[in-house]
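All chains are named by letter (A, B, ...) in the order of the sequence lines, taking the proteins before the strands, and each is independently numbered beginning at 1.
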Amino acid sequence: MEDCLAKKMEITVSEAEKRTGRNAMNIQETYTAYLIETRAVESQSEGQCGPVESLWRRYSEFELLRNYLSVTYPHIVVPPLPEKRADFVWHKLSADNMDPDFVERRRIGLENFLLRVASHPVLWQDKIFYAFLMQEGGWKEMVNETGFQLKADSRLKALNATFRVKNPDKRFTELKHYSDELQSVISHLLRVRARVADRLYGVYKVHGNYGRVFSEWSAIEKEMGDGLQSAGHHMDVYAASIDDILEEEEHYADQLKEYLFYAEALRAVCRKHELMQYDLEMAAQDLTSKKQQCEELATGTVRTFSLKGMTSKLFGQETPEQREAKIKILEEQIQEGEEQLKSKNLEGRDFVKSAWADIERFKEQKNHDLKEALISYAVMQISMCKKGIQVWTNAKECFSKM
Amino acid sequence: DASLAEVNSFSPSVPISPSSMINQYKFEDGPELRDLFITVDDPESHITAIETFITYRVVTKTTRSEFDSSEYEVRRRYQDFLWLKSKLEEAHPTLIIPPLPEKFIMKGMVERFSDEFIETRRKALHKFLNRIADHPTLTFNEDFKIFLTAQAWELSSHKKQGPGFLSRMGQTVRAVASSVRGAVKNRPEMFTEMNNYMETFSQKINLLDRIAHRIYKEEREYFNEMKEYGPIHTLWSASEEDIAESLRGVAGCIDRCCRAAERRMAGLSEHLLPLLHEYVLYSEILMGVLKRRDQIQGELDSKVDALANKKTEKDLFSEEIGKLEDKVERANNALKADWDRWKQNMQWDMRSTFTSVAENNLRYYEE
């Protein structure tokens, strides 16, 4: 990994706090604020760390940061934020934004986001990002001063481009398909996983009833009593173990969710490419038609049907001076157009090059992360089974002593 | 093990699961002492103008001298089993007669003549007859012998003799009535204890039965969801290159877990659920037995009271009383002995069943 902020500095989102305040419309609201702590790490001297600096940010400020980054670096696959609202919940998890478990998982997600940005070869150098970490007051104004909102492409424009573009780079089209597939398959997986978790929870918890009844039953038995009682205890242990197991699984789900949201970031880059390409095609088309017009005026021949041609035939031709003037203007425009086209072409090629470089980087990151996530999931399952084996071995022993 | 092989070869059409065989043999007397082997198999459907019913083949092999032959094969229908049970209850009101599978299943998931239902019933009928065979007293009951050996027409004519269902009903009504009249005054301590035990036991066993069914249901739903889970990973692997293999591996493992879950469910439904059900029935039977005992005692007590009031006809009464006392005593003893036997059996049953549930779960997790 090349040099980046993550190497020079420890970044954590260490706490979350509920706050109330007045928002822009002067209405009282409750929100959660997160404490970002940073500490400079000297790479040469061991154990020498700078002082801890910290500031508080709320989710909407994270959103602002991300929007700024997406607009300012459209060729970069910008890391996603954790979800705004709880999705894919199974019945035990609450969908409440204020629920402590949700807040905790969001805290981890936000920390992850910051670390991803800090370790990105391009993004880490951004000044606004640095200020986000270090400068509490006046940051919002700073962001707004960059005027990034003006640079943002309208959704409508982008949609239009998607439909009308003629020659997008094949790789981007493929990438778009891929990101669609990725999104659909991961969201399906998460939905089913939530249902499976629900059912698993049910199976474990009902076994807890065994514990209670065994214990009551053992009261009236003589020889069987002890065995029953201890078996019942193991049933209780079994039933209780599911809570931890499923909590761990939530982390796995969150890892998958991150890539679900990454799919959206991928699509954003593709859209930008389509927009640029469409722009380019439109500019080229415009130039061609102007050149044609010029030619027609110069040679006096009307090659294609034009309303102007018709009207001039009906109402008399224009004077040679008028024609000269028109040609002059057109020639200037053509000149401009050609320069613009050249620079747009260059821009487009640069964009494709740098975007593709980042996409390759992203692909490697994704493969690595997902592999690790799958491995950790398997490890979780094995540990769950080991626990199960232990409980049922104990229970079996108790039963055989009945 | 020659005896084992014999039984097997005689009923090749329906394999009996090893565990149920073990259940047969592990009853009180070891295999060496058994001289009566019974199997119930080969259900066949019979359609007449009036009704459709199932008969089961009952095969008996024995070395007992009171049996004319050493092998018998007859066909019996459920009604015949009901008849046998009621005759046994009549003859031995204070002995614990094993439970019969119910006439219908209330929980309505199984149709009357579905294969599953017939097989469950067959297994239960098989257990029923074998439990009687293992009972030190019941095994020598005359009606039992006739049940095992008589041809269909012989059995019908035998049935027509003797008190029918109605008189049996009368007995039950009287028993209930006498218990309604209040707890018997002179009930020995032992039986009061038994009564209390049975009340609690019955409660608990019913709870366990419900819990086990609930677990089965949850496991089934879990299995259903899991079925979808694996294929998604396979689908995903189609869009990936680098991680495709890992994803396919995960899908494969999930599918194996699925199959293991299915096996676990099957284990429950084959062993634990039927056993718990039997003991639910047993608890009802035992409550009935205790009531009948109380009723007999009640008869005795009322006669004793009557004696105290009527100074005349003393001799007559005292003879009757003596007889009743004897009866009660015998009944009590029988009950007590049976009770102990039953508890031991139950203990063993529970132990083996729960152990096998535990083992199933182990196997599941190991997979």
Side-chain angles (χ1 to χ4, degrees), chain A residues 177-178 181-182 185-186 188-189 192-193 195-207 209-210 212-214 216-217 219-221 223-224 227-228 231 238 363-364 366-368 370-371 374-375 377-378 381 384-402, chain B residues 196-201 203-205 207-208 210-212 214-215 217-226 228-229 232-233 235-243 246-247 249-250 253-254 257 261 343-344 346-348 350-367:
Chain A
H177 282 308
Y178 171 74
E181 279 170 13
L182 189 70
V185 91
I186 293 188
H188 191 192
L189 197 151
V192 176
R193 192 210 71 87
R195 289 206 298 263
V196 169
D198 217 358
R199 290 298 164 198
L200 195 63
Y201 184 78
V203 171
Y204 271 77
K205 283 298 176 191
V206 180
H207 277 86
N209 291 339
Y210 269 152
R212 190 176 45 94
V213 179
F214 279 177
E216 290 168 1
W217 182 8
I220 56 172
E221 293 290 342
E223 292 131 21
M224 286 210 301
L228 264 184
Y238 183 71
K363 273 196 192 156
E364 260 186 57
K366 166 200 74 143
N367 286 335
H368 172 262
L370 286 178
K371 243 194 208 150
L374 288 173
I375 291 175
Y377 184 63
Q381 296 300 307
M384 173 172 92
C385 289
K386 284 211 175 116
K387 284 193 201 148
I389 289 177
Q390 194 181 44
V391 166
W392 284 101
T393 312
N394 291 338
K396 179 174 166 185
E397 219 185 285
C398 296
F399 284 137
S400 59
K401 293 206 196 113
M402 287 206 319
Chain B
N196 292 337
Y197 173 86
M198 270 327 289
E199 269 180 31
T200 316
F201 179 82
Q203 212 188 48
K204 299 311 161 198
I205 201 74
L207 275 176
L208 284 178
R210 277 206 296 276
I211 293 175
R214 178 83 188 279
I215 290 185
K217 182 167 154 280
E218 294 283 339
E219 283 189 3
R220 155 140 268 138
E221 310 249 337
Y222 172 71
F223 169 72
N224 284 337
E225 297 293 352
M226 279 296 262
E228 227 187 291
Y229 197 37
I232 296 181
H233 290 81
L235 186 66
W236 187 0
S237 71
S239 338
E240 295 285 345
E241 291 158 10
D242 257 18
I243 57 176
S246 316
L247 283 169
V250 173
C253 290
I254 293 180
C257 287
K343 280 196 67 173
Q344 267 197 25
M346 186 261 284
Q347 245 164 264
W348 194 91
M350 291 293 177
R351 176 176 26 165
S352 73
T353 315
F354 279 112
T355 316
S356 81
V357 167
E359 266 169 18
N360 280 344
N361 276 302
L362 279 182
R363 235 175 299 138
Y364 166 71
Y365 281 119
E366 275 159 15
E367 286 191 49

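Taken to the nearest 0.5 Å, the CG atom of B:Asp242 stands 11.5 Å off from the NE2 atom of A:His368. Rounding to the nearest 0.5 Å places CZ of A:Arg212 at 7.5 Å from NZ of B:Lys204. One distance of note links OG of B:Ser246 with CD1 of A:Ile375; it measures 7.0 Å at 0.5 Å rounding.
The candidate from B:Leu235, B:Leu207, B:Ile215, B:Asn224 with the greatest count of non-hydrogen atom pairs under 4.5 Å with chain A is B:Ile215.
In this structure, A:Leu189 and B:Tyr229 have side chains that are in contact, with non-hydrogen atoms separated by less than 4.5 Å. For the pair B:Thr200/A:Trp217, no side-chain contact is recorded, criterion being any heavy-atom separation below 4.5 Å from C-beta on. Looking at B:Met226 and A:Arg199, their side chains never come closer than 4.5 Å, going by heavy atoms from C-beta outward.
Of the atoms belonging to A:Leu182, it is side-chain heavy atoms, and not backbone ones, that fall under 4.5 Å from chain B. For chain A, the nearby parts of B:Ala212 are the backbone and the side chain; heavy atoms of each come within less than 4.5 Å. Proximity to chain B (any heavy atom under 4.5 Å) is shown, for A:Lys205, by neither the backbone nor the side chain.
The shortest heavy-atom contact between A:Gly202 and B:Glu218 is CA-OE1, 3.5 Å. Of all heavy-atom pairs spanning A:Val206 and B:Arg214, the tightest one is CG1-CG, 3.7 Å. Between A:Lys371 and B:Ile243, the shortest heavy-atom contact is CG-CG2, 4.0 Å. Taking each heavy atom of B:Glu240 and A:Asn367 in turn, the nearest pair found is OE1-OD1, 4.0 Å.
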Inset, instruction - Give the C-alpha distance, both sets of side-chain angles, the deciding distance and a yes or no for salt bridge (Lys or Arg N to Asp or Glu O under 4.0 Å) between B:Glu228 and A:Arg195. - result: CA-CA 10 Å; B:Glu228 227 187 291; A:Arg195 289 206 298 263; 3.2 Å; yes

